[in-house]
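As the structure is a prediction and not an experimental result, all values here were calculated from the model. Start at 1 and go down the list; that is how both ligands and their atoms are numbered.
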Amino acid sequence: MQFSTRTTPPGRMRADCALVPVLAGKELTAGGKEIDAVHGGRLAKMIRSGDLPAKAGSTLLVQLDGHLPRALLVSMGEPRECAPRAFTDAVRGGLQAAGQLAADEAISLLHEAPVAGRDTDWKLRAQVLAGREIAYRFETLKTKRETRPVRPKRVVLPVPSGGGSGAAVAQAIAIANGVDMARDLGNLPANHCTPTYLADTARKMARELGLKAEVLDVRQMQALKMGALLSVARGSEQPPKLIVLRYQGAGAKQPPIALVGKGITFDTGGISLKPAAEMDEMKFDMCGAASVLGAMRTVAELKLRLNLVVVVPTTENMPGGRATKPGDVVASMSGQTVEILNTDAEGRLILCDALTYVQRFKPSTVVDVATLTGACVIALGHHHSGLFSPSDALATELQEAGRDIGDSCWRMPLDEEYQDQLKSPFADMANIGGRPAGSVTAACFLSRFAKGYDWAHLDIAGTAWKSGASKGATGRPVPLLANFLLARARG
Ligand code: BES
Ligand code: MN
Ligand code: ZN
């Protein structure tokens with residue numbers, strides 16, 4: 001689905017279909033009135049019929065003629081100024097209904113509807129993001145197409161001349177490209193998406209967008225004494241990788257922001273083997289990695305004025321004759337030792353060495369993203385990602401970035417008291433803290449390595465993918481990260 005802006009008045013635009021917002025069940029916007037006037041009041045008449053349901057996203061088709069053969073009335077719900085959520089519902093409903101028609105090109109006037117607390121740029125962006133979400137397909141592994149081709153193919157957004165609306169749409173397209181990349185990587189099964197594949201994908205993106213790429217292998221990890229990361233890789237035949245991508249969009253003196261993503265391409269649990277049911281979903285255990293790579297794509301496509309480093313520790317977590325055993329003690333790159341009581345708590349082990357490794361880039365801020373704990377899904381379900389940070393300012397920044405773009409996170413505690421649960425009689429700490437507050441003690445574990453910079457941790461176990469009939473990667477939290485970085489680049 002391709003989006004573009006145009007400054008032609010809506011009444012004169014040529015298209016297969018127009019998406020026309022209806023406010024509070026009765027009112028047309030300026031552009032809607034223009035179209036209505038050109039077509040002899042047929043839209044207003046249809047609205048008066050009362051056939052358009054009030055619910056946001058309900059639609060009613062009106063046959064027209066000439067340069068605009070049809071209009072789709074789209075209910076924006078009550079009240080007249082709708083909530084951001086209702087707007088997104090309306091966009092989805094409108095585009096999905098338009099997709100049932102033989103319409104290749106649509107114009108959408110939906111951004112003429114007033115939305116509480118949001119400006120036109122936000123509404124343009126929301127349309128692009130919702131449209132691209134609907135249009136996403138993952139069919140590379142099917143030998144024949146199953147779903148119908150994407151419709152409408154093109155969506156034109158009429159905007160007043162002289163405005164900067166083109167920039168908002170370009171931003172949203174770059175964010176959607178990042179989201180699609182994260183979804184593709186997440187959906188790709190673990191026999192295809194290995195650590196080596198992730199590294200090759202990162203290198204390819206680096207060539208395409210002019211980034212610096214470096215991929216560390218086992219020997220380099222050994223030289224750096226990354227004993228925690230290496231302990232997870234021991235059971236696997238696939239070689240682990242540490243991927244480093246660097247983007248420079250600001251002066252070399254400006255400290256970079258670093259994003260660290262958990263890249264477990266398959267999590268069997270290791271010797272602490274997971275139960276069989278739904279284990280296929282553990283191919284999604286690299287969605288943190290996918291999201292930071294996706295965010296890098298967005299930033300580089302937009303040439304944002306900031307410096308960004310993306311670090312991805314990636315490996316499988318497998319049982320095997322050489323695999324790490326419960327009770328084993330390993331030394332992390334930081335020098336701190338860890339008693340591995342449960343080999344299924346492997347995410348924190350690969351992340352802790354990556355958090356130590358990023359120190360060399362002297363970042364101002366580090367955000368790690370990980371499908372880290374089932375406990376986070378129990379705490380927050382599938383709506384908010386879990387947010388952990390000792391910094392109130394950084395936490396607020398991330399919360400606002402997420403809320404604004406409909407990819408929210410909820411702050412969880414990180415108090416000292418929880419640290420006690422990680423005590424070990426045999427090492428500096430254990431890698432698990434027992435059942436209570438499992439997502440908090442996981443974050444506490446990471447906090448012991450996140451030293452020398454402002455740090456936040458996003459637990460995306462509940463938000464990175466969907467289970468059931470619509471199983472698949474969501475691309476979250478790419479929109480949150482991109483929005484956060486856009487705000488940082490604005491300064
Ligand atoms: N990748 C999982 C977390 C996970 C589980 C994400 C289910 C989404 C759905 C992680 O590596 C893991 O296995 N965590 C354990 C930690 C426990 C052993 C302390 C968990 O959550 O059960
Ligand atoms: Mn695990
Ligand atoms: Zn895992």
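Taking 2.8 Å as the threshold, K262 counts as a candidate ligand of the Zn ion (ligand 3), since one of its N, O or S atoms lies below it. One of the N, O or S atoms belonging to D267 lies under 2.8 Å away from the Zn ion (ligand 3).
E301 and N177 share a side-chain donor-acceptor pair at under 3.5 Å. Side chains of T265 and Q238: no donor on one and acceptor on the other come within 3.5 Å. Under 3.5 Å, the side chains of N187 and W465 contain no donor-acceptor pair of N or O atoms. A side-chain donor from one of S332 and S334 sits under 3.5 Å from a side-chain acceptor of the other. R151 and Q100 form no side-chain donor-acceptor contact under 3.5 Å, judged by distance and modelled atom types alone. For the residue pair S272 and T343, a side-chain donor N or O sits within less than 3.5 Å of a side-chain acceptor on the partner. Inspection of the N307 and R246 side chains reveals no N or O donor paired with an N or O acceptor under 3.5 Å.
Residue contacts with ligand 1: T373 is placed with no nitrogen or oxygen under 3.5 Å of a nitrogen or oxygen of the ligand (distance criterion only). Close N/O approach between N342 and ligand 1 is not found [any backbone or side-chain N/O within under 3.5 Å]. Remark: ligand 1 and A345 share no N or O pair separated by less than 3.5 Å (distance only, no angle test). Considering both main-chain and side-chain atoms, K262 comes within under 3.5 Å of ligand 1 through a nitrogen or oxygen pair.
For atom 12 (C) of ligand 1, the nearest non-hydrogen atom of the protein is D344 O, 3.2 Å. The protein heavy-atom contact nearest to atom 16 (C) of ligand 1 is R348 NH2, 3.9 Å. Given atom 9 (C) of ligand 1, the protein heavy atom at minimum distance is M282 CE, 3.7 Å.
For I271 against P326, the heavy-atom pair with the smallest separation is CG2-CD, 3.8 Å. Of all heavy-atom pairs between T371 and A464, the closest is CG2-CB, 4.0 Å.
Proximity of W465 to ligand 1 is established by a heavy-atom distance of less than 4.0 Å. Proximity of L372 to ligand 1 is established by a heavy-atom distance of less than 4.0 Å.
Taking a distance limit of 4.0 Å, we find that atom 1 (N) of ligand 1 is approached by some protein heavy atom.
Sorting the N, O or S atoms of D267 by how far they are from the Mn ion (ligand 2) puts OD2 first. In terms of distance to the Mn ion (ligand 2), the nearest N, O or S atom of E346 is named OE1.
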